[in-house]
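We use all heavy atoms of the structure for the numbers below, so side chains are in, but hydrogens, waters and symmetry mates are not. Counting starts at 1 for both ligands and their atoms, in listed order.
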Amino acid sequence: SPVVALRGVRKAFPTGTLALDGLDLSVNRGEFLSLVGPSGCGKSTALRLIAGLATPSAGAVVWGDDGGATRAPAPGDLGVVFQEPTLMPWATVAGNVRLPLRLTRRRSRLHGDEAEARVAAAIARVGLDGFAAAYPRELSGGMKMRAAIARALVTDPQLLLMDEPFAALDEITRFRLDNALSGLWQGLGTTVVFVTHSVFEAVYLSTRIVVMTPRPGRVAADVTIDAPFPRG
Ligand code: ADP
Ligand code: ADP
């Protein structure tokens with residue numbers, strides 16, 4: 001069943017750039033969907049539209065299974081990770097990971113101890129045990145990205161959106177994070193939309209790969225991978 005769908009989406013910027021034109025994309029529950037295509041084809045724009053960080057010029061972003069409702073997701077339903085880990089430098093790893101819970105606590109009614117347990121679990125899940133009290137400046141690039149992933153997952157989002165999250169990392173760190181992410185996805189059952197320039201990464205991680213046309217972006221190919229790439 002679809003989590004979210006882009007229906008006939010067009011996105012024109014005030015500069016005159018037409019980034020997307022007639023993009024139809026339905027994201028199914030539980031899948032790991034990679035979005036690939038030439039630079040500038042509108043991958044980030046598509047992700048930002050799903051995240052609610054931009055609005056379509058025409059067409060719609062539709063949430064849930066029903067035909068027309070455009071109910072926006074509640075805070076905590078979405079986790080977003082960008083290429084820059086964007087950690088707050090004045091807060092520790094635990095402080096950064098706790099932030100989304102502070103923003104959604106009223107809805108989820110988490111008590112202090114429960115919130116702390118969730119923060120600790122998220123930090124452990126990404127392999128940062130022992131670094132809860134560290135500040136971002138003390139962490140490597142890969143560890144900062146792990147903290148950003150923990151922050152995105154701490155609210156148990158239905159949908160995790162990732163925009164070239166590992167593109168700035170060296171190849172070994174990137175491969176380690178690919179494996180960590182794959183394990184997280186298999187363990188959590190979260191739906192993932194992953195933007196990448198790397199076809200290798202897309203094939204390694206995904207259950208579905210959507211290839212976009214050059215700008216203006218539309219779907220050029222939509223490939224479902226029945227047997228995901230085996231992991232060691
Ligand atoms: P991709 O992620 O596939 O590289 P983007 O979605 O970042 O592509 O960009 C698609 C096109 O829209 C590019 O030509 C980009 O320069 C342009 N673009 C993206 N954001 C803006 C913006 N805020 N204002 C104007 N043009 C933009
Ligand atoms: P990404 O690396 O994720 O594709 P970009 O570097 O294309 O991101 O864009 C970074 C930011 O700059 C985004 O907020 C995007 O909307 C904006 N942006 C991108 N291209 C343009 C552009 N041509 N004019 C104005 N803003 C842009």
Side-chain angles (χ1 to χ4, degrees), residues 2-28 31-63 70 72-73 77-87 141-142 144-145 148-149 151-152 157 159-171 173-175 177-178 181-182 185 190-225:
V3 177
V4 63
L6 299 176
R7 299 262 173 82
V9 163
R10 179 183 164 88
K11 180 64 180 179
F13 289 105
T15 50
T17 303
L18 181 58
L20 301 171
D21 197 17
L23 178 63
D24 284 301
L25 178 65
S26 189
V27 180
N28 300 312
E31 72 186 354
F32 193 118
L33 191 163
S34 285
L35 211 48
V36 303
S39 191
C41 72
K43 301 181 295 295
S44 289
T45 300
L47 205 82
R48 291 169 59 82
L49 289 168
I50 295 173
L53 297 170
T55 50
S57 311
V61 182
V62 180
W63 289 90
T70 51
D77 284 353
L78 276 182
V80 189
V81 177
F82 298 102
Q83 187 173 319
E84 291 297 322
T86 62
L87 300 173
K144 281 186 204 145
M145 185 50 70
I149 294 171
R151 180 181 55 187
L159 183 59
L160 176 62
L161 303 172
M162 307 184 87
D163 191 355
E164 301 260 13
F166 311 146
L169 302 174
D170 68 82
E171 284 184 66
T173 303
R174 183 174 189 164
F175 188 57
L177 282 185
D178 283 337
L181 175 61
S182 182
W185 172 74
T190 310
T191 309
V192 180
V193 180
F194 188 85
V195 168
T196 180
H197 273 107
S198 165
V199 172
F200 163 80
E201 199 173 39
V203 169
Y204 189 66
L205 293 174
S206 313
T207 58
R208 184 177 164 207
I209 301 175
V210 169
V211 184
M212 288 172 63
T213 61
R215 200 180 70 224
R218 288 184 316 277
V219 174
D222 188 334
V223 182
T224 297
I225 301 168

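- Of all non-hydrogen atoms in Ser26 and Glu31, the two that sit nearest each other are O-OE2, 4.0 Å.
- Here is the list of ligand 1 atoms found below 4.0 Å of a heavy atom in Lys43: 1 (P), 2 (O), 3 (O), 4 (O), 6 (O), 8 (O).
- Closest approach of Val9 to Ala60, counting heavy atoms only: CG2-O, 3.5 Å.
- Under 4.0 Å from ligand 1, not a single heavy atom of Met212 appears.
- Some N or O of Thr45 is nearer than 3.5 Å to an N or O of ligand 1, by distance alone.
- Within ligand 1, the atoms closer than 4.0 Å to a non-hydrogen atom of Ala19 are 10 (C), 11 (C), 12 (O), numbered from 1 in the order shown.
- Of all atoms in ligand 1, numbered sequentially from 1 with element shown, those under 4.0 Å from a heavy atom of Arg215 are 11 (C), 14 (O).
- Exactly one of Val3, Val4, Leu159 qualifies for a side chain to side chain contact (heavy atoms under 4.5 Å, CB included) with Leu78. That residue is Leu159.
- Atoms of ligand 1 found under 4.0 Å from any heavy atom of Ser39 (numbered from 1 in listed order, with element): 4 (O).
- The distance from atom CZ of Arg10 to atom CG of Leu49, rounded to the nearest 0.5 Å, is 13.0 Å.
- Counting only non-hydrogen atoms, the option in Gly40, Gly217, Ala54 that gets closest to atom 10 (C) of ligand 1 is Gly40.
- More than 12 heavy atoms of other shown residues, nucleotides or ligands fall within 6.0 angstrom of atom CZ in Arg174.
- For the ring-ring contact (aromatic ring centres under 6.0 Å, His included) test, residues two or more places apart in sequence or in another chain that qualify with Phe194 are Phe32.
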In residues 34-43, what donor-acceptor pairs under 3.5 Å come from side-chain atoms, sequence neighbours left out?
from, atom 1, to, atom 2, distance (Å)
Ser34, OG, Ser206, OG, 2.6
Lys43, NZ, Gly37, O, 2.9
Lys43, NZ, Pro38, O, 3.3

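- Residue Met212 forms a side chain to side chain contact (heavy atoms under 4.5 Å, CB included) with just one option from Val195, Leu20, Leu25, and that option is Leu20.
- Contact annotation: for Thr15 versus ligand 1, heavy atoms closer than 4.0 Å belong to the side chain alone.
- Residue-ligand proximity: Gly37 is placed with every non-hydrogen atom at 4.0 Å or more from ligand 1.
- Listed by atom number, the atoms of ligand 1 under 4.0 Å from Thr17 heavy atoms are 12 (O), 14 (O), 17 (C).
- Backbone and side-chain nitrogen or oxygen atoms of Cys41 are examined, and one is located within less than 3.5 angstrom of a nitrogen or oxygen of ligand 1.
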